[in-house]
2 protein chains.
Amino acid sequence: MSSAKGISGGISGAASGVNLPVLRSHNTALVLDLLRTAGPDGISRLEVADRIGLTPQAVSKITARLRAEGLAAEAGRRASTGGKPRTVLRLVPEAGHAVGVHLDRDALRAVLVDLTGAVVAERGASLDLGAGKAAVVDGVVREVSALVEGRGTLLGVGVGLPGPLDHALGVLHRVTGFPEWDGFPLREELERALGVSVVVDKDTNAAALGLAVGGQGESFAYLHFGAGLGGALVLGGVVHRGARTGAGEFGHQVVQLDGPVCECGNRGCVEALCLAAVGRGDYEEAARVLGTGAANLVALLDIDVVLLGGRTVAARPECFVRGAAAVLEERGRRVGEDAVPVRVAPGGGREVAEGAAQLLLAPLFGRGEG
Amino acid sequence: MSSAKGISGGISGAASGVNLPVLRSHNTALVLDLLRTAGPDGISRLEVADRIGLTPQAVSKITARLRAEGLAAEAGRRASTGGKPRTVLRLVPEAGHAVGVHLDRDALRAVLVDLTGAVVAERGASLDLGAGKAAVVDGVVREVSALVEGRGTLLGVGVGLPGPLDHALGVLHRVTGFPEWDGFPLREELERALGVSVVVDKDTNAAALGLAVGGQGESFAYLHFGAGLGGALVLGGVVHRGARTGAGEFGHQVVQLDGPVCECGNRGCVEALCLAAVGRGDYEEAARVLGTGAANLVALLDIDVVLLGGRTVAARPECFVRGAAAVLEERGRRVGEDAVPVRVAPGGGREVAEGAAQLLLAPLFGRGEG
DNA sequence: CTACTTTCGCAACGCTGTTGCCAAAGTGCA
DNA sequence: TGCACTTTGGCAACAGCGTTGCGAAAGTAG
């Protein structure tokens, strides 16, 4: 996966031609992403040029534009290696902000992040998803407005909530437990009420995007075990949503033919087995089942790491990590490869809100389809 | 998935900058792909311009180059719509050829295809993968040489064979049943012996690439049920190989916790269950298990279609299609969506060889990482 | 035959990254 | 302290990309 592919070899039917403005914004995004990844330590022009494969002169032109626009700034110099020392560039975090909103079944959490993705401010409120559309929209508008009060440049608002929904259109489907939301154009309604760009995505997808941007890996599965069991996939640095934002349905993977009935109507789903085990207090078994499902993903998708999140995992992180890792280690032994590692996803319960903000930020850095 | 994304939002670490030559070859590939897709009927310049989002003038420049290079030609005119009639362009099939080789456990099949992917000539031979490296390499060289005798422009040779292996490096791993191949640099050896470019891939991946290029869908799973049970994934028009060419391991997806032991050492693999059912003569059950595994993929990846191939399926196509489709239809009812269709993959036993040839052709048309 | 529509190439243009060159700013040694 | 050398990075000229403006070519409609 180290091939230097610069232009999408993707969807032929939808792939579009590239002209100079598109080329320019692509290269600019690459530079911005390197500046972001470098963090406060910064990165030199020559290193940027080397990493993205353009000449130093081209990078100088691009960074000059970025500095003129206030997105980048000089940040000291490196030690000399026998000649003129390199000038270090860094991203200006406060040059832009975005809001991420996590709409859960019974609560709302909103964060304001800067260009680097760091949380600048945060708010929370209790909010029943079943309380009606107007109440929920009003609640989001209230919290977002309070957060952005007095800030200058707001790129937009990202919202992560339980699916199913349509990410591209921003329309909800029959949100599990709240069928009355079916067909509601949440994106459109919020854009009208807030007057800024809004992007909507499944909660797990938002969290996975945040983890991907945060450098957790190029290809991984994020498994969220809270009241239910969900998941999201990052393949080659990109969140895989599928054509209908339906991808990542990890909870209803069948791992026991003709097993116990799940509330989805199927039998032997990972979620049903895990919830049953947790209900019995048998967390070891829950971890083993989770690990079996994870091992299926590893075999199917050849991912690099498995990240665990959610309340149930957070209550016993070592147990779930150890139990799932044991299954993957045995698989590694069988196929003669190093085991794929299992880790707890960082975030501390804010991962969905932070990831939702990345729905707006990521396109700036060439991640996502924006 | 209709967003017109022209430039990859992909792997930030490996994503590379785009300069004018890269831009040019990208747009040229898009035009070539449209010419290929249009077939012998051809396509007009204005339609190309409309599809890829460039101006007609830019398309005229690109097609003028292609005609000068002999890759495209004029092919009559369309009926007028009130003005000058459109000139139709088509791909010149004989402007380039590629060879695809299918190395199976006991046989070799090689096809010579033209630019459109149509088979021009074909050869077969019996060849034991266990007969030793020199014998196998010699066998491939002999058949390929006989095929290309007297042809002008050979783009290269693609080879599809059982995994695991490393697609990027062209190095084999412990090929199932033939551990002596571990570490053998097949690509390098063949390039030296043949003097042309060689690309190596898993047999199922090659077949899936051929199906993707052949217009079978944007996102699908190809499930190959022969002596064993394998698979390959096409996501967003691109074969998903994973970082180590390990993706697509469908046969060893666990669908029955603590089920019967599989020869891979695990328990309850789809392959073990399907083979056992077939061994009992219970094809309905084999189809049901296969369908359950397929339904897992549909839920996890949100794919558009499931394609079945392989000897065992070919022996009872209706049975497997019907049985698997039944599982997917029930899933569709549960989640309130149309069922994902199941079809038999076209190809008639040549799909791996034809797909292997596409390992060389596809990059010309902007598909794959070439 | 005239008016109109549509296709498509030529020429000029703006903007991209590249190349050649040189000033700036360090290190290292005499 | 001074000189040679290395490395960085900006200025200017350049080649090549798609775009724009315009006109010739090739049809239809009346």
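A, B, ... follow the sequence lines: proteins, then strands. Residue 1 opens every chain.
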Checklist entry - Closer to the 5' end of DNA chain C via nearest nucleotide, is it A/Thr28 or B/Thr87? => result B/Thr87
Item to check | A/Arg367 side-chain N/O to A/Leu359 backbone N/O, donor-acceptor pair under 3.5 Å | outcome: no
Item to check | Validation row: A/Asp201, A/Arg241 side chains within 4.5 angstrom (heavy atoms) | outcome: yes
Checklist outcome for this item: The correct set of residues in residues 73-80 of chain A placing a heavy atom under 4.0 Å from DNA chain D is none
Next on the checklist: Pick the closest DNA chain D nucleotide for A/Asn19 and for A/Pro85 by heavy atoms, then say which residue is nearer the 5' end.
Outcome noted: A/Pro85
Table please: side-chain donor-acceptor pairs of residues 81-91 of chain A below 3.5 Å, with sequence neighbours left out.
none

Next on the checklist: Given 3.5 Å as the limit, does a donor-acceptor pair link the side chain of B/His240 with the main chain of A/Leu301, or not?
Outcome noted: yes
Checklist outcome for this item: Between CG of B/Asn27 and C1' of C/dT16 the distance, given in whole Å, is 13 Å
Next on the checklist: Reading DNA chain D from 5' to 3', where do the contacts with chain B start and stop? Cut-off is 4.0 Å to heavy atoms.
Outcome noted: D/dG16 to D/dT28
Checklist entry - If every non-hydrogen atom of B/Thr153 is compared with every non-hydrogen atom of B/Ala95, which pair is closest and at what distance? => result OG1-O, 3.2 Å
Checklist entry - Do the charged groups of B/Asp50 and B/Arg45 touch, with an N to O distance under 4.0 Å? => result no
Checklist outcome for this item: Nearest heavy-atom contact between B/Leu211 and B/Tyr222 is CD1-CD1, 3.5 Å
All N/O pairs under 3.5 Å across the protein-nucleotides 1-5 of chain C interface:
unit_1: C/dT5; atom_1: O2; unit_2: B/Gly82; atom_2: O; d: 3.3

Item to check | B/Leu89 CG to C/dC8 C1', straight-line distance once rounded to whole Å | outcome: 11 Å
Checklist entry - Considering all heavy atoms of both residues, which atom of A/Asp41 and which atom of A/Arg78 are nearest to each other, and what is their separation? => result O-NH2, 4.1 Å
Item to check | Side chain A/Thr245, main chain A/His167, donor-acceptor under 3.5 Å | outcome: yes
Next on the checklist: When you measure from the side chain of A/Asp302 to the backbone of B/Gly246, do you find a donor-acceptor pair of N or O atoms at a distance under 3.5 Å?
Outcome noted: yes
Checklist entry - In whole angstrom, what separates A/Leu46's CG from C/dG26's P? => result 16 Å
Checklist entry - Are A/Asp166 and A/Arg187 ion-paired here, with the side-chain N under 4.0 Å from a carboxylate O? => result no
Checklist entry - With sequence neighbours excluded, what pairs up with A/Ala49 under the side-chain contact (heavy atoms from CB on, under 4.5 Å) test? => result A/Pro56, A/Val59
Checklist entry - Considering only heavy atoms, which members of residues 59-70 of chain B lie under 4.0 Å from some atom of DNA chain D? => result B/Lys61, B/Ile62
Next on the checklist: What I'd like to find out is whether the side chain of A/Gln358 reaches to under 4.5 Å of the side chain of A/Leu361, using heavy atoms alone.
Outcome noted: yes
